[in-house]
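This is a predicted model, so every value here is computed, not measured.
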Amino acid sequence: MRRFLLYVHTGRRAALRATLSVLEELRLRGVRAIVVDQQVEEILALPEDVAPPKLLTFLTNGAVDVLDAVSAADSVELGIVLGGDGTILRALEAVRDADIPVHGVNLGHVGFLAESEVEDLSITVARLLDGDYDIEKRSTLDISVLDADDATVSQHWALNEASLEKADRQKMINVAIEIDGRPVSSFGADGVLLSTSTGSTAYAFSAGGPVIWPEVDAMMLIPLAAHALFARPLVLGRSSEAAIEMTLDNREDGILTLDGRRTEDITAGMRIEARLSDRSVRLARLAPTPFADRLVEKFQLPVVGWRGRSPRTR
């Protein structure tokens, strides 16, 4: 039997209603729905008037398979995510090792990762079930954290970004920047951001970085409120590696945050190394919408007066 994973923003009523609609559609098509156990617990713990009663019945009467995140990802062909980009990031954490594609239905705000809108949910589910989609690969970051003796403390990954920031809002941290094994700059700052092309419309956008088309295989390094004359964003290629060192003169700690979710404390003398990963994540896309059109739509950019070229002259 075919199995699809459902991953939902459990705190949003619209997402819960959409989840019920998808479950009903999957049942009609003879496809088994898989839901992560932690998400089921969160939904069952909601106040009585938040989740549709029929959804609660689905989740408790054996109509869906409730599994832990690892087991859930290992047994499905595709994930349907109902929420915003944050929900998609959480879903990708669950399925990355299994390398299954996910499709996002937007119930958030800007939503660059999510493609479909909830108004088209029935058509979206039908096309996904029919295999009528293309796979779009997105680059990710491999992040290593080293201690003052250069011993590896931890290893992480990120789709959007990894940020090293000050732990105390009233202080700065002092950092040294290294690119491809060579020192480039050192300064005091609120932090330093490492971003993929996908992340260029997320935190990096707010930090003043350039918007990079998703198919560009690049990594950005962006100083955050640096006390320095040279504090420009740097765009690096796949062969490059960036490192950020918390210099030994730091009296304050820093915090490493990955995709706005996972965190680790960083102290003086520690080092963060980043490179583009050999492993990508896969998004199931229904339409080859030009990225320029998505920028205009999501940011509501003015295009009044655009004439373009006639088909005869292209």
Side-chain angles (χ1 to χ4, degrees), residues 3-29 31-61 63-67 69 72-73 76 78-95 100-129 132-133 159-160 198 201-202 259-261 281 283-287 289 293-300:
R3 290 175 169 83
F4 274 39
L5 173 70
L6 293 188
Y7 206 95
V8 57
H9 189 308
T10 57
R12 190 165 290 165
R13 292 174 187 264
L16 297 174
R17 292 193 297 269
T19 301
L20 176 58
S21 297
V22 175
L23 287 173
E24 292 175 330
E25 186 73 24
L26 294 181
R27 183 176 63 177
L28 288 174
R29 295 286 295 269
V31 176
R32 191 72 172 175
I34 310 294
V35 183
V36 176
D37 53 4
Q38 182 180 356
Q39 291 224 298
V40 172
E41 293 172 3
E42 292 173 0
I43 294 172
L44 295 179
L46 293 170
E48 291 184 2
D49 62 337
V50 175
K54 194 172 181 179
L55 174 60
L56 301 179
T57 301
F58 260 107
L59 298 177
T60 55
N61 70 356
V64 304
D65 290 339
V66 180
L67 303 173
V76 300
L78 184 139
I80 300 176
V81 185
L82 302 159
D85 281 0
T87 310
I88 295 176
L89 290 172
R90 289 191 291 273
L92 287 170
E93 288 180 19
V95 306
I100 68 168
V102 302
H103 180 82
V105 178
N106 185 35
L107 290 110
H109 300 288
V110 177
F112 268 93
L113 290 175
E115 177 185 10
S116 300
E117 299 298 331
V118 69
E119 294 80 9
D120 304 319
L121 186 59
S122 180
I123 297 173
T124 295
V125 174
R127 290 187 60 184
L128 294 174
L129 289 171
D132 184 17
Y133 57 84
L159 172 60
N160 274 352
T198 298
T201 51
D259 283 337
R261 288 181 40 75
V281 299
L283 304 177
R285 293 298 196 192
L286 301 180
T289 305
D293 289 351
R294 302 193 74 195
L295 277 179
V296 170
E297 176 191 357
K298 299 300 182 179
F299 289 130
Q300 299 181 2

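Remark: His103 pairs with Ser116 by the side-chain hydrogen bond (donor to acceptor under 3.5 Å, both in side chains) rule, at least two apart or across chains. Annotation: salt bridge (Lys or Arg N to Asp or Glu O under 4.0 Å) contacts of Glu297 (sequence neighbours excluded): none. Taking the side-chain hydrogen bond (donor to acceptor under 3.5 Å, both in side chains) definition, one finds that Asp120 meets it with nothing, sequence neighbours left out. A search for side-chain hydrogen bond (donor to acceptor under 3.5 Å, both in side chains) contacts involving Arg261 returns Glu93, not counting sequence neighbours. With sequence neighbours excluded, the residues satisfying salt bridge (Lys or Arg N to Asp or Glu O under 4.0 Å) with Arg29 are Asp130. Residues meeting the side chain to side chain contact (heavy atoms under 4.5 Å, CB included) test with Val50, sequence neighbours left out: Arg13, Leu16, Leu46, Pro47. Glu41 is linked by a side chain to side chain contact (heavy atoms under 4.5 Å, CB included) to nothing, counting only residues two or more places apart in sequence or in another chain. With sequence neighbours left out, Glu24 forms a salt bridge (Lys or Arg N to Asp or Glu O under 4.0 Å) with Lys54. For Thr289, the side chain to side chain contact (heavy atoms under 4.5 Å, CB included) partners two or more places apart in sequence, or in a different chain, are Ala287, Asp293, Arg294. With sequence neighbours left out, the salt bridge (Lys or Arg N to Asp or Glu O under 4.0 Å) criterion links Arg27 to no other residue. Annotation: side chain to side chain contact (heavy atoms under 4.5 Å, CB included) contacts of Ile100 (sequence neighbours excluded): Val76, Val95, Ala98. Residues satisfying the side-chain hydrogen bond (donor to acceptor under 3.5 Å, both in side chains) test with Asp132, not counting sequence neighbours, are Arg127.
Crowding of Glu117 atom CD: a count of heavy atoms from other residues, nucleotides or ligands under 6.0 Å exceeding 12.
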Q: Step by step, work out the side chain to side chain contact (heavy atoms under 4.5 Å, CB included) result for Leu82 and Thr87.
A: CA-CA 7 Å; Leu82 302 159; Thr87 310; over 6 Å; no
Q | Tyr133 vs Leu78, side chain to side chain contact (heavy atoms under 4.5 Å, CB included): CA-CA, chis, key distance, verdict | A | CA-CA 11 Å; Tyr133 57 84; Leu78 184 139; 3.4 Å; yes
(Q) Run the side chain to side chain contact (heavy atoms under 4.5 Å, CB included) test on Leu128 and Phe4 for me, step by step, so that the C-alpha distance in whole Å, both residues' side-chain angles and the decisive distance to 0.1 Å come before the verdict. (A) CA-CA 10 Å; Leu128 294 174; Phe4 274 39; 4.2 Å; yes
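At distances below 3.5 Å, not a single donor-acceptor pair connects side-chain atoms of Asn106 with backbone N or O atoms of Gly84. In this structure, the side chain of Glu25 does not engage the main chain of Ser122 through any donor-acceptor pair within 3.5 Å. Counting only distance, with no hydrogens or angles, the side chain of Asp85 and the backbone of Ala114 share a donor-acceptor pair below 3.5 Å. Without hydrogens or angle criteria, Arg32 side chain to Leu26 main chain gives no donor-acceptor distance under 3.5 Å.
Taking 4.5 Å as the limit, some side-chain heavy atom of Leu283 sits within range of a side-chain heavy atom of Leu113. Using a 4.5 Å cut-off on side-chain heavy atoms (C-beta onward), Leu59 and Val66 make no contact. Two residues are said to be in side-chain contact when any heavy atoms from C-beta on lie closer than 4.5 Å; Val102 and Ile80 fail this criterion. When side chains are defined from C-beta on, Leu121 counts as touching Val22, because their heavy atoms get closer than 4.5 Å. Contact check for Val36 versus Leu5: side-chain heavy atoms found under the 4.5 Å cut-off. Proximity of Val118 to Thr124: side-chain heavy atoms (C-beta onward) are nowhere separated by under 4.5 Å. Within the 4.5 Å cutoff, no side-chain heavy atoms of Val81 are placed close to those of Val105. Between Leu23 and Leu6, the closest side-chain pair of non-hydrogen atoms falls below 4.5 Å.
The two atoms that bring Thr198 and Thr201 nearest to each other are O-OG1, 3.5 Å, heavy atoms only. In this structure, Leu20 and Leu55 approach most closely via the heavy-atom pair CD1-N, 3.9 Å. Of all heavy-atom pairs spanning Ala15 and Leu107, the tightest one is N-CD2, 3.6 Å. Of all heavy-atom pairs spanning Ala73 and Ala94, the tightest one is CB-O, 3.4 Å.
One distance of note links CD of Gln38 with CZ of Arg90; it measures 9.5 Å at 0.5 Å rounding. Note: Thr19 OG1 to Ile43 CD1 = 6.0 Å, rounded to the nearest 0.5 Å. Considering OH of Tyr7 and CD1 of Ile88, their distance stands at 12.0 Å, rounded to 0.5 Å. The CG atom of Asp65 lies 4.0 Å from the CD1 atom of Ile34; values are rounded to the nearest 0.5 Å.
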